[in-house]
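Everything numeric in this text was worked out from a predicted model, so none of it was measured. Below, each value reflects all heavy atoms present in this structure, side chains not excepted, and no hydrogens, waters or symmetry copies. FYI, the numbering just counts along the sequence from 1.
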Amino acid sequence: MKSPIFPIVRQLTVSLAILMPNFLHAAPFQLEEVLVTAQKKTESAQDIPVSITAISENQLDKLKLRSAYEIVASAPNVVFNGTAGQSQLVLSIRGVSMQDYASNQAGPVAVYVDEVFRGSQLYSQGIQLFDLERVEVLRGPQGTLYGRNSTGGAVNFITKRPSFGESTGYLGVGIGNYDGREAEGAYETDLVKDVLAIRGAFTYTERNGFVKNKTPGVDDLGGLDEWAFRVGVSYQPHEDVNAFLSLHKSQTDAPAIATMTEETSPDGIGFTGYTRDGLDFYETSENRGGYVKQDSEGVSLTVDWNFSEAFTMTSITSYDEADTFSAPDDDGSPFNILHDDYAADGHQWTQDLRLVSEFDGLFNFIAGVYYGDDVLNGRTINRFLAQAFGVNNFCLDDPGGLIGCAYENQYKQDRESIAAYVHTTTELTSQLSLTLGLRYTKDTVGMSDYTSLLSDVLTGVSNPAFGGVPIPVFSLENPGEEEENNLSGKVGLEYHFEDDAMAYISYSTGYRVGSWNGLAFFFPEEVTYANPEELEAWEIGFKSQLLEGRLQVNGSVFTYDYTDQQFINFNPDNGAQTIENAPKSSIRGFELEATFLPLENFQIQSGLGYLDGEYDEFVKSGVDLSGNDLITSPELNFNTSIDYDVDVGNLNLALHVDAVYTDDQFYSPENQEAIAQDGYLLVNARAVLESEQYGLSLGLWAKNIGDKEFVVNSFDLSGFGYNFYQLGEARTYGVDLTWRF
């Protein structure tokens, strides 16, 4: 398929070449400087030797981002992997991704909220983009600056802290298609002038599903019903001490995630004769409907103490609790072929303590220690083929089989991490600096109380000979405890030119903790442990500011050696699943980002990413997959946005349009075309009319304007007679009104 990226890039290049001569003269305006804390101190994003995309508060508003997964619209080589639906943040960065959808797994991309690590998928659920100062997306291995190590990268969500001084706030409401309703607001004020301030913020979104369910009385799929609030308190008894206490809670109680199934057997889905004939892409006919419930809450305390002119001590302490339950209809049919329940609950607490130097001389460092512990209880029920072959099937007739049987597993996982890290910067000359970083990590991952029970799907009981109670399939009191020790680090050089430009080269290593299988049902041998992932990365990049600060052009090229990528091996013949490692993979690519301000009220921003990732050594179920493309690794991806502000009388009109193109990608290591996604282009737009005098703004917005049909993940379930797809959002649009006071 011919990619539309190159014509788009060529047209942009021609346009810039035509316009450039008219903008070479000096102008009294320039691009807004974006300050980030990616290196644990406040710096300009243009001054640090890190591949980073920073999304400011203003950009977040223009993009009308609601959920964390939508940040892919602004960062090259970042792809949302809908393994667990849109409510959980699972990202692929530069081809480093995950395939496991169990709640106990910690992804290769570390997620932080106010520098607090959100560990397993259970704790990264429900992150909603409201009242944020910015989002930072870091590409490449992270560890010498962060609480936890990661192979793919890190995403930092920085919330707004209360400021001292004038009381301010805002309140916004909106409506949209699919009976969408939303509200968001915040308010801050001093409790003790210049000493104690508080800020509260909330968000609420409700919307019917965009996948129409043709079965009468059963809910549509892909709807929203979620809310969250956050309270932050800043305490500054004197200029050398600042404490920030944050409390948060979020909840989701919505219809099941948007899915679709398509028959692979001439006998139809579940061999019932049922097919999708007569259904459109965003239509289904399932009998369960299902729903998603998620609840998370937590508290964190950050204390900064400047105990001398040269040192700052920072302590970040957090505690979080979360639980989730989803009950999808995984066969997408009016029959009971595959109805599953996924549940998990747990808690985690973390402590990060670091010392940052602020010497005037040539050498500075960041040194820290980290401790984290999370406990998770998982429970999953798979109900197989109760109405397959067009008849009711009873597991009672054949206990220990598959047809008509329900398998329920339960387990407890305890994961502890202890680490020490140091990151140093030495100025070799006034323009050349050396970076050295080192991290030691000790992880202990234990699995206990792993059981599997068998019962009948249609009756809910077991064979009467066993008293009608579920039959134990297997029970492992202590499957094991694995201890991992890892030493990773970074070495880099950066050179700052005199004309607002810099270049850097770095070598770094990353590490992802090993994983236990949370999806074992049939055999004790399914309770497997996958070894940790490791990644070695070389990167060369540059950052530049041209035309008196009106043009920024950043770029990087990289090469990865990827070892022991973790994946779920699913056997479609008997439903058995194990978690294993792909021994060796390699990834090469580049990114190019540009922001241009030709006029004070006109801005163009674009990003281009290229990936070439493949398995070098990988045998799965006896099949050699060496040479296949990595999953969720589109060769090309491109994003662009245009912003134009114009005065209309006493009002200001802000116009925004953005587009994201994602190339062909595979969702299986086998590179199966039937469950792959062709390249697609999404276009979004927003217009806001604002009155500064009255503090009012009226906005119109639309997402996926072309109503593009696409999937964000898929699975081969041909053993049950079909393929399974998780769908991207259909076209949505609406209007909102905001009052700032």
Audit row: Y615, L630, side-chain contact (heavy atoms from CB on, under 4.5 Å) steps and yes/no: CA-CA 6 Å; Y615 298 103; L630 294 178; 3.4 Å; yes
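- Listed by chain and number, the residues in a salt bridge (Lys or Arg N to Asp or Glu O under 4.0 Å) with E136 are R134 (sequence neighbours excluded).
- Remark: the backbone N or O of G514 is not paired with any side-chain donor or acceptor of E482 at under 3.5 angstrom.
- Summarising the local packing, NZ of K160 is surrounded by more than 12 heavy atoms from other residues, nucleotides or ligands at distances under 6.0 Å.
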Would S300 and S318 satisfy side chain to side chain donor-acceptor pair (under 3.5 Å), going step by step from the backbone distance to the final call? CA-CA 4 Å; S300 65; S318 72; over 6 Å; no
Show your working on side chain to side chain donor-acceptor pair (under 3.5 Å) between H248 and D320 and close with a plain yes or no. CA-CA 9 Å; H248 69 86; D320 288 276; 2.8 Å; yes
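- The closest donor-acceptor contact from the side chain of S714 to the backbone of I675 lies under 3.5 Å.
- Checked by atom type, the side-chain pair Q105/Q566 shows no donor-acceptor distance below 3.5 Å.
- Taken to the nearest 0.5 Å, the CG atom of L535 stands 7.5 Å off from the OG1 atom of T563.
- Remark: the N554 side chain and the Q46 side chain contain an N/O donor-acceptor pair separated by less than 3.5 Å.
- Closest approach of Q552 and Q545 over heavy atoms only: NE2-OE1, 3.7 Å.
- Using a 4.0 Å cut-off between a side-chain N of Lys or Arg and a carboxylate O of Asp or Glu, D612 and R588 do not qualify as a salt bridge.
- Within the 3.5 Å criterion, the main-chain N or O of T632 finds a donor-acceptor partner in the side chain of S92.
- E358 and T312 share a side-chain donor-acceptor pair at under 3.5 Å.
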May I have the step-by-step check of side-chain contact (heavy atoms from CB on, under 4.5 Å) for L438 and L436, ending in yes or no? CA-CA 7 Å; L438 194 64; L436 294 173; over 6 Å; no
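- Closest non-hydrogen pair, E533 versus Q565, comes out as OE2-CA, 3.5 Å.
- Salt bridge absent: E539 and R139 never bring a charged side-chain N and a carboxylate O closer than 4.0 Å.
- For D629 (side chain) and N671 (main-chain N/O), no donor-acceptor pair under 3.5 Å exists by modelled atom type.
- Within the 4.5 Å cutoff, no side-chain heavy atoms of T350 are placed close to those of D352.
- Neither side chain, N478 nor S448, offers a donor N or O lying under 3.5 Å from an acceptor on the other.
- The six-membered or imidazole ring of F638 lies away from that of Y661, with a centre-to-centre distance of 6.0 Å or more.
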Pair E536, T559 - check side chain to side chain donor-acceptor pair (under 3.5 Å), show working. CA-CA 8 Å; E536 297 182 35; T559 179; over 6 Å; no
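- When the shell of 6.0 Å around NZ of K412 is examined, it contains 12 or fewer heavy atoms from other residues, nucleotides or ligands.
- T640 places a side-chain N or O within donor-acceptor distance of the main-chain N or O of Q605, the cut-off being under 3.5 Å.
- Without hydrogens or angle criteria, S544 side chain to V553 main chain gives a donor-acceptor distance under 3.5 Å.
- In summary, the side chains of N77 and N637 do present a donor paired with an acceptor at a separation below 3.5 Å, with no hydrogens or angles considered.
- Between the side chains of S433 and Y504, no donor N or O sits under 3.5 Å from an acceptor N or O.
- Of all the heavy atoms in Y450 and P479, the pair that sits closest is CB-CG, 3.9 Å.
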For D716 and S668, run side chain to side chain donor-acceptor pair (under 3.5 Å): C-alpha distance rounded to whole Å, both residues' side-chain angles, the deciding distance at 0.1 Å, then the answer. CA-CA 8 Å; D716 176 2; S668 68; over 6 Å; no
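- A pairwise comparison of heavy atoms in R439 and N149 identifies CD-ND2, 3.5 Å as the closest pair.
- In this structure a side-chain-to-backbone donor-acceptor pair under 3.5 Å is present from N581 to N531.
- In terms of heavy atoms, V109 sits closest to V96 at CG2-O, 4.5 Å.
- For the 3.5 Å distance criterion, the side chains of Y667 and Q672 fail to qualify, holding no donor opposite an acceptor.
- E591 and R94 are joined by a salt bridge, as a carboxylate oxygen and a charged side-chain nitrogen come within less than 4.0 angstrom of each other.
- For F311, the ring-ring contact (aromatic ring centres under 6.0 Å, His included) test picks out F307, F359, with sequence neighbours left out.
- Checked against a 6.0 Å centroid threshold, the rings of F567 and F618 count as neighbours.
- Residues A228 and F130 share a closest heavy-atom pair of CB-CE2, 3.8 Å.
- A side-chain donor-acceptor contact under 3.5 Å links D304 and T314.
- Note that CD1 of I579 and CG of N104 are 7.5 Å apart. Values are rounded to the nearest 0.5 Å.
- Judged by distance alone, the side chain of E526 and the main-chain N or O of Q577 form a donor-acceptor pair under 3.5 Å.
- Between the side chains of T53 and E593, at least one donor N or O lies within less than 3.5 Å of an accepting N or O.
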Candidate pair I257 and S326, rule side-chain contact (heavy atoms from CB on, under 4.5 Å), full reasoning: CA-CA 9 Å; I257 62 176; S326 63; over 6 Å; no
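- Side-chain atoms of T426 never come within 3.5 Å of backbone atoms of L428 as a donor-acceptor pair (strictly under, hydrogens ignored).
- N517 contributes no side-chain N or O that, together with a main-chain N or O of T528, makes up a donor-acceptor pair within less than 3.5 Å.
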Go through V445 and Q413 one step at a time and tell me if the side-chain contact (heavy atoms from CB on, under 4.5 Å) criterion holds. CA-CA 7 Å; V445 189; Q413 177 180 280; 4.2 Å; yes
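- Classification of the Y610-F590 ring pair by plane angle, with boundaries at 30° and 60°, yields parallel.
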